[in-house]
Amino acid sequence: DFYREVLGSPKYVVAPMVDASELAWRELGRKYAADLCYTPMFHAKVFIQDARYRRESLQTCPADRPLIVQFCANDPKIFLEAAKLTVQAIDCQAIDLNLGCPQIIAKRGHFGSYLQDEWELIHSIISTATA
């Protein structure tokens, strides 16, 4: 199954943090036994529109595995395009949709925890990405 075969049954996980889960932080976490790391939360719309943002966001190395890339998004097509661009650029084990960010920027942008009551939209984002 995915948890065991792809992620390696991780026990210690470095969770995603906006502007704090960059490669250096993930490497430090792995040095101290982290089995799985997340990237920071990336803004899917900016990610697909800005090649420089995309290149700077996806900094990784072979030892940075398993790796989950996290996006905030509120549009199924944009989330799908961000996921496609990611898997074309780097080797990662999963793409994650942030549904937990409570920051005011998430409220203004209508993503993160502010999508939790929008089941149809969440279903659309996930089903579009996994079709």
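Checked by atom type and distance alone, the side chain of Arg65 never pairs as donor or acceptor with a backbone atom of Gln93 at under 3.5 Å. With hydrogens and angles ignored, the 3.5 Å screen pairs no side-chain donor or acceptor of Asp96 with any backbone N or O of Val69. Listed for the Ser113 side chain is a donor-acceptor partner under 3.5 Å among the backbone atoms of Cys101. Without hydrogens or angle criteria, Ser124 side chain to Glu120 main chain gives no donor-acceptor distance under 3.5 Å.
Counting heavy-atom neighbours within 6.0 Å of Phe2 CZ, excluding the residue itself, gives a total above 12. Other residues, nucleotides and ligands contribute over 12 non-hydrogen atoms within 6.0 Å of the CG atom of Asp1.
Here the closest non-hydrogen pair linking Ala106 and Tyr114 is C-CD1, 3.5 Å. The two residues Asn74 and Leu121 come nearest to each other via the heavy atoms O-CD1, 3.6 Å. Between Ile122 and Leu115, the shortest heavy-atom distance links the atoms CD1-O, 3.2 Å. Residues Thr39 and Ser21 come closest through the heavy atom pair C-CB, 3.7 Å. Contact detail for Pro66 and Arg30: the closest heavy-atom pair is O-NH2, 2.6 Å. For the pair Gly29 and Val14, the tightest heavy-atom approach, listed with the atom from each and the gap, is CA-CG2, 4.1 Å.
Linking ILVMFWY side-chain heavy atoms closer than 4.5 Å, directly or via other members, places Tyr3 and Val13 in two distinct hydrophobic clusters. Linking ILVMFWY residues whenever their side-chain heavy atoms come closer than 4.5 Å, directly or via other members, leaves Ile78 and Leu80 in distinct clusters. Residue Leu28 is not grouped with residue Tyr12 when hydrophobic side chains (ILVMFWY) are merged at heavy-atom distances under 4.5 angstrom, including chains of intermediate members. Grouping the Ile, Leu, Val, Met, Phe, Trp and Tyr side chains by contacts below 4.5 angstrom, directly or via other members, places Leu58 apart from Met17. With hydrophobic clusters built from ILVMFWY side chains whose heavy atoms lie under 4.5 angstrom apart, Ile126 shares a cluster with Ile95.
Taking the ring centroids of His43 and Tyr53, they lie at or beyond the 6.0 Å cut-off.
Using a 4.5 Å heavy-atom cutoff, the side chains of Thr86 and Phe47 are in contact.
Using a 4.0 Å cut-off between charged side-chain N and carboxylate O, Glu56 and Arg52 make a salt bridge. We find that Arg26 and Asp64 are joined by a salt bridge, their nearest charged nitrogen and carboxylate oxygen being less than 4.0 Å apart.
Legend: salt bridge (charged side-chain N to carboxylate O under 4.0 Å, His left out) pairs involving residues 66-85, not counting sequence neighbours: none detected.
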